[in-house]
4 protein chains.
Amino acid sequence: MREQQMLDAAVRTFGRRGYMAASMDEIAELAGVSKPLVYLYLNSKEDLFTACIRREADALTRAVRAGVRPDLPADRRLWDGLLAFFAHTGEHPDAWSVLHLQARTHGEPFAAEVAAMRTEIVAFVTGLVVVAAREAHSDPDLPEDEVAGLAEALVGAAESLAAWANATPGVTARQAAATLMNFAWAGLGDLMRGNRWTPPPEAPQGRGEPRA
Amino acid sequence: MREQQMLDAAVRTFGRRGYMAASMDEIAELAGVSKPLVYLYLNSKEDLFTACIRREADALTRAVRAGVRPDLPADRRLWDGLLAFFAHTGEHPDAWSVLHLQARTHGEPFAAEVAAMRTEIVAFVTGLVVVAAREAHSDPDLPEDEVAGLAEALVGAAESLAAWANATPGVTARQAAATLMNFAWAGLGDLMRGNRWTPPPEAPQGRGEPRA
Amino acid sequence: MREQQMLDAAVRTFGRRGYMAASMDEIAELAGVSKPLVYLYLNSKEDLFTACIRREADALTRAVRAGVRPDLPADRRLWDGLLAFFAHTGEHPDAWSVLHLQARTHGEPFAAEVAAMRTEIVAFVTGLVVVAAREAHSDPDLPEDEVAGLAEALVGAAESLAAWANATPGVTARQAAATLMNFAWAGLGDLMRGNRWTPPPEAPQGRGEPRA
Amino acid sequence: MREQQMLDAAVRTFGRRGYMAASMDEIAELAGVSKPLVYLYLNSKEDLFTACIRREADALTRAVRAGVRPDLPADRRLWDGLLAFFAHTGEHPDAWSVLHLQARTHGEPFAAEVAAMRTEIVAFVTGLVVVAAREAHSDPDLPEDEVAGLAEALVGAAESLAAWANATPGVTARQAAATLMNFAWAGLGDLMRGNRWTPPPEAPQGRGEPRA
DNA sequence: TATGAATGAGTGTTCATTCAT
DNA sequence: AATGAATGAACACTCATTCAT
C-alpha cells in the first residue's frame, strides 16, 4: 500500500535526521510521491511522526512476543525475548532510533506514545523477574519497589546494548543477548538468595560522598 | 565570565527544547546578551551546542572522578562512582538531557563528542570490572569482548536509571545506586566465579528463534 | 439540473467565505458531487464565479422588473422597484454578498460583470427620474450629468440600505423602501422645482476647503 | 519611517489585489524590503491588514473632521464634510478600496474595525440631520429610527458616489458633493416640513408586491 | 457520465546568520 | 566590545487543477 511506502520513508528519514531536521519534502521524495499526497494520507508532520512511532512500537513488541513461548521456563523466556529484541533492533536501526531517541526528545505527545510501549515491555520483564523469584523460593518476596527498579535497569541495559550492538561491527544479537543474560540472570539469582551488597552508611557531613 | 552565562542559557534551552527547537534568540535573551554577541563568542549554533556538550561532559566526568577514592576497594569505588553519577545527573537535568538525549539525536558531530565521554566512563567501569575479577581470582581471565559488553550494559543501565530517577519523584540518588549495585555486583561476582547461564543451541533452521 | 445545484452551492460558499477563501472542495461537497464534475460543467474557479455572478445578477434584475408595472406613475414604479429590490436581497443574502461585495473585490473580470447589471439598474432609475422631471414640468430639463449622478446616488443608497437592512434585525423590506422613498422622492421633487442648494464659491487659494 | 513605507505598500497591494490575493512577498518587494522585515514590524498578514485599516480609517476621519468648521451652519458643515470626504477618497483610491471593499469582505475582525469608523461618520451625519431638523423648526421631531435610516442612506449614497467619482473620469470631488448635497438637503428639508411620500397599502395577499 | 487519486505551484511564517555602527 | 537592523533560505501546509479509469 502507498501508505506503507510513506511510513517506510518517514521512519528512515526521522531515524536518520531527527524529527525536526527531517523535511516533509525529503520524506515525500524518498517515498517517491508528491508532498500533498503525504498530507492526504497522514495529516501533518506530527501525525506522520506519531504514525511512525505507533507502527514501529507495534512491530517491536510483536517481534518480542513472537519470540517467546509461554510454556518455557522463565530464564528461557527472558533469553528468547532478548534475542528477539536485539534481532529486531539490529535489523531496523532507523526504527529503533525513532523509538529510542527521536520520540523521547520531542515533547510529551511523542514521548507518551513510546512510553506506553516501554511500559508494556517493562511489565513483561517484571513478570519474568517475579516468576524467577518464586522459582528460586526467594523466601521473603522482593519488595515491589526493588522489582520495578530491577526491571528498569534490565530494560535500560538492553536498550543501551542494542545501540551498542548496532554501532559495533561484529556484535551479533546472540552475543548481545548472552552478555546481558549472563550478567542479569546471575545477579537476579543472587538477589533472590538474599545476597545483597550492603552500602556504606550515609556520610554524616561535609565530605564522604561526592559533593553533588 | 560572559561566556559561561551564555553556555548556561544554552544548556538550559537545548536541554528543555531540544537542539533544533531551541532558537538563538531565546538563548541570547535568556543569557541577557544580544544575539551577535553570542556569535562573537561561539561561532555558530553548531559550535555553541558542541561547547555545551563538551562543558557538561567534562563536568560530569569530573564529578564522577571526584566521588571516587582510588585507595578504596573496587566495589566501594563502583558504589561511589554510581552515587556521584546519579547525584550529578539529578542536579543538572538539563545538562543530562543535552548529553543523553539531544547530543545523540542530532548527527555525527555531536554524537561523537558525547561518545568520547562515554568511552571514558566505560573505561573507568571496565577497569573496575577487571580489578574485581582479579580480586575474585577469576582463574581464566574474562575475555575482553565480554568485559566490554558488561561495562556497556552497566553504563546503559545506569543511564537508564538516571532518567528514571529524574522522572520518578521520591527516588534518590542513593536508591538508584543501591538498586543498580545490588543487581550488578552480584551478577559480576557470579560471573567471576564462572557461573554462567548457558544459552540453548542456535536454532538449526527455519523456526526456533524469531526470524526477524 | 445538476448544474443548478453546483451554482447554488457555489453562491452560498462564495457569499459566505469570499471568493478566494472558498475552496472548490467545499463547493463540490456542498453540492453533493465530485470535484472533477464541477470542472466538467464549469471550467475553472473563475468561470464558476462568473457564472454565479451572471445568474444572480439576472435573478435580481428580473425580480426588480417583475415588481414594477409600467402603467403606474413614476413614483409608484420607483416604490415597487425598491420594494422588490429589498425583498430579493433580503431573501438571498449570499447572492447579494456575491454581487455587492465579492464580485467587486476581486479584479476587473468580475467587477465588469456586475457593473453591467448595475448599469441596467441605474438606467432604469434614470428613466424614472427623467419621467418624474417631465411630469413635474421641470422647465429647464435637468442636465444629463446631474441625472446620472442622482441615479447613482439613489442606487448607492439603496445598496447600502440593503446591507443595513440585512444586518439590522427587525428592519423589513417595506421599512427600508419607505425610508429611502421618503428621502429620495422629496429631494427629487424639490430638485425638479429648481430648488437647489447653492455651494459656496470655490476657495480661491491655500485654505477654505480642506486641501487633502 | 520604514514602517510607513511598508504600510503604504500594503495598502496599495491590498487595495488593488484584495486581502487574500495580496501576497506578503509582493508587499515586501513593493516596499523595497525583505519579507522577514515586514514580519518584524507587523507580526502577521492579519496584523498588517488591521494596521492598514486602522491607519486609513484614521486618516479619512481626520480629513473629514479637518474639513468641517463647527461654527458654520449645519448645511455648510455637511457640504464641507462631503467635499473633504470625496477629496480624500479620490486622492487615496487604494485606501478607499481597503476600507470600503476589502475590509468588509474578509471576516469579523476586519469588518468590525471599519464598522467603528463608519459608526463615527454616521453619528456625525446624524448629528447634522438632527440640527438641521431643529433649525427647520420641524415641529414633530423626527423619530429616531427614521433619522438612523436617513443617515445610513446618506452615508451609503456618499460611499457609492465616491466609487463612482473615482471610476468616472472628469467627475470632481466638488461635483460629487454638489450632486449629493442637492439631492439630500432638499429631501431632508421636505421631510422636516412633514412632506412625506405615502406608500400604498400593503398588498393583501398572493400578488401585488413582487413574490421575492 | 463521473470519480478516486494525484500534483505543481505557491502561501504565510521562521530562523540562523551578518552587516553598519 | 557590543548591538539594532536586516535578510536568504527554508519549512509546513494548501489548493486549483488534471489524469487514468
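Reminder, nothing fancy here: chain letters follow the sequence lines and each chain counts from 1.
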Pick one: which of A/L7, A/D94, A/I27 meets side chain to side chain contact (heavy atoms under 4.5 Å, CB included) with A/R12?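 Output: one option passes, namely A/D94.
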Rounded interatomic separation in angstrom, taking [atom1] from [X] and [atom2] from [N]:
X: C/E29; N: E/dG4; atom1: CD; atom2: P; answer: 12 Å
X: B/I27; N: E/dT14; atom1: CD1; atom2: P; answer: 18 Å
X: D/D47; N: E/dG12; atom1: CG; atom2: P; answer: 14 Å
X: D/Y41; N: E/dT13; atom1: OH; atom2: P; answer: 18 Å
X: B/H106; N: E/dA16; atom1: NE2; atom2: C1'; answer: 15 Å

Within residues 8-26 of chain A, find the residues that approach DNA chain F with a heavy atom at under 4.0 Å, and present them sorted by residue number.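 Nucleic-acid contacts, sorted: A/A22, A/S23, A/M24.
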Side-chain donor/acceptor contact of A/K35 with base of E/dT7 under 3.5 Å: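 Absent.
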Are any side-chain N or O atoms of A/S97 and backbone N or O atoms of A/P93, one a donor and one an acceptor, separated by less than 3.5 Å?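 Side chain of A/S97 to backbone of A/P93, a donor-acceptor pair under 3.5 Å: no, none is there.
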So that I can tick it off, tell me whether D/D8 and D/R55 are bridged by a salt bridge, with the cut-off set at under 4.0 angstrom between side-chain N and carboxylate O.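 Judged by the 4.0 Å cut-off on N to carboxylate O distance, D/R55 and D/D8 do form a salt bridge.
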Here's a test of your reading of the structure: between A/N43 and C/N43, which maps to the more 5' nucleotide of DNA chain F?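 Counting from the 5' end, the first nearest nucleotide belongs to A/N43.
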Relative to the ring of A/F49, is the ring of A/Y19 parallel (under 30°), tilted (30 to 60°) or perpendicular (over 60°)?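 Rings of A/Y19 and A/F49: parallel, under 30°.
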Between which nucleotides of DNA chain F, read 5' to 3', does contact with chain C run, using atoms under 4.0 Å from its heavy atoms?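 Listing 5' to 3', DNA chain F meets chain C from F/dA16 to F/dT18.
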Partner of E/dT18 by Watson-Crick or G-U wobble geometry, both contacts under 3.5 Å, or none?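 Check on E/dT18: paired to F/dA5, both distances under 3.5 Å.
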Taking for each residue the nucleotide of DNA chain E with the nearest heavy atom, is it A/L37 or C/P36 whose nucleotide lies nearer the 5' end?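 So the residue in question is C/P36.
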Walk me through it: do B/L48 and B/Y41 pass the test side-chain contact (heavy atoms from CB on, under 4.5 Å)? CA-CA 9 Å; B/L48 172 56; B/Y41 280 84; over 6 Å; no
